[in-house]
Amino acid sequence: MPELPEVETVRRGLEKMVLGATIEHVEALYPKIINGDPKKFCCLLKERRILSIDRRGKYLIFNLSGELSLISHLRMEGKYFVKLSSDPLEKHTHIVFSLQGGRQLRYNDVRKFGRMELVPTSHKYEVPGIKKLGPEPTSASFDAVAFYQHLNKKKKAIKTALLDQTLVAGLGNIYADEVLWLSHIHPETPACHLDKEEAVQLHDYIIMELAKATKAGGTTIRTYTDAFQHLGSFQFDLHVYGKKGKPCERCGASIEKIVVGQRGTHFCPVCQKVK
DNA sequence: TCTCTTGTTGGATT
DNA sequence: AAATCCAACAAGAG
């Protein structure tokens with residue numbers, strides 16, 4: 001599932017392959033992927049050049065010539081491929097961007113949950129979803145004290161708080177479970193029960209873990225691949241996600257799986273204490 | 001064949 | 001306002 005490290009890996013791959021390319025023609029085979037009028041979407045993209053590719057949280061942002069930006073969210077299983085126009089269309093490819101020179105950028109999404117939309121570049125951070133995002137999880141923009149103060153006002157479970165994207169951007173179900181295990185924090189702990197020391201610890205692990213996972217090219221659990229169709233390797237560094245019934249690497253207790261905020265949640269019942 | 005599970009976001013409901 | 005629930009989908013497991 002593409003969380004921040006996977007989206008960043010996709011972004012870097014796309015940057016290598018389609019930066020500077022000009023879009024000749026766009027076809028929406030499954031138009032519901034597009035927010036707004038699909039005809040207008042395809043029409044507006046013609047003759048635009050891809051000037052840069054950005055990421056904010058789990059959103060990809062293609063900045064195009066003529067002050068237009070394409071915002072794309074992969075949700076569960078969205079993928080981008082770059083193929084020759086002559087290559088047979090793969091199953092579940094929904095949007096095809098034909099590029100000058102005979103290549104195509106293809107958006108593929110088994111679950112059809114992903115979304116994309118066009119906005120003026122000046123408004124790229126103002127779209128709903130991006131506007132409410134918390135800081136990027138880097139030491140430069142993610143402040144530990146602010147994080148602690150923010151947590152202090154929330155009564156919901158820390159796991160749920162980490163997923164809501166307003167405290168910090170980019171964590172999804174896998175990395176949320178992982179950073180809580182690393183921090184010895186039980187996922188159901190009300191966010192406001194964390195003391196400053198625990199919040200700082202969690203903050204540090206969030207930055208470290210996402211950086212480490214990005215370096216590994218992300219985590220491939222089911223089907224994730226980057227734009228080169230390469231698998232990530234961080235699944236070998238996971239401690240709790242998908243480890244139900246396996247011994248905890250720290251204390252040997254059996255990893256449990258429960259539901260927190262309607263999400264599958266993995267934790268060690270012994271070394272992640274409830275507070 | 002049917003049911004359950006998978007995860008992200010946004011909108012509706014409480 | 002904040003917390004909670006569900007829909008948007010497809011596929012694989014049992």
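Sequence lines set the chain letters: A, B, ... in the order given, protein chains first and strands last, and positions in each chain run from 1. Keep in mind that what you see is a predicted model, and the values were worked out from it rather than measured.
In summary, A:Arg75 and A:Asp109 do not engage in a salt bridge, as defined by a charged side-chain N under 4.0 Å from a carboxylate O. Ion pairing of A:Lys156 with A:Asp164 is present here, as a side-chain N (NZ or NE/NH1/NH2) and a carboxylate O approach within less than 4.0 Å.
Note: A:Tyr80 and A:Phe62 meet the aromatic proximity criterion, with ring centroids under 6.0 Å apart.
Base engagement by A:Arg263 is indicated by at least one non-hydrogen atom pair under 4.0 Å involving a base atom.
For the 3.5 Å distance criterion, the side chains of A:Thr93 and A:Glu90 qualify, holding a donor opposite an acceptor.
Residue A:Val179 comes nearest to A:Tyr205 through the heavy atom pair CG1-O, 3.8 Å, listed as atom of the first residue, atom of the second, then distance. A pairwise comparison of heavy atoms in A:Lys124 and A:Ile71 identifies O-CD1, 3.8 Å as the closest pair.
Nearest to the side chain of A:Asn173, among B:dT8, B:dG10, C:dA11, sits B:dT8.
A:Met76 places its CE atom 13 Å from the P atom of C:dA10, with the value rounded to the nearest Å. Rounded to whole Å, the distance from CD on A:Glu77 to P on C:dA10 is 12 Å. Separating the CG atom of A:Asp109 from the P atom of B:dT9 is a distance of 13 Å, rounded to the nearest angstrom. As a whole-Å value, the separation of A:Arg115 CZ from C:dA8 C1' is 6 Å.
Partner of A:His239 under the side chain to side chain donor-acceptor pair (under 3.5 Å) criterion, out of A:Glu178, A:Lys246, A:Glu249: A:Glu249 alone.
Remark: DNA chain B takes part in the stems B:2-6 with C:10-14, B:8-14 with C:2-8, each of 3 or more antiparallel Watson-Crick or G-U pairs, criterion distances under 3.5 Å.
The closest donor-acceptor contact from the side chain of A:Glu188 to the backbone of A:His186 lies at 3.5 Å or more, if one exists at all.
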Using a cutoff of under 3.5 Å, can you pull out all pairs of nitrogen or oxygen atoms linking the protein to nucleotides 2-7 of chain C, with atom names and distances?
residue	atom	partner	partner atom	Å
C:dC5	OP2	A:Gln262	OE1	3.1

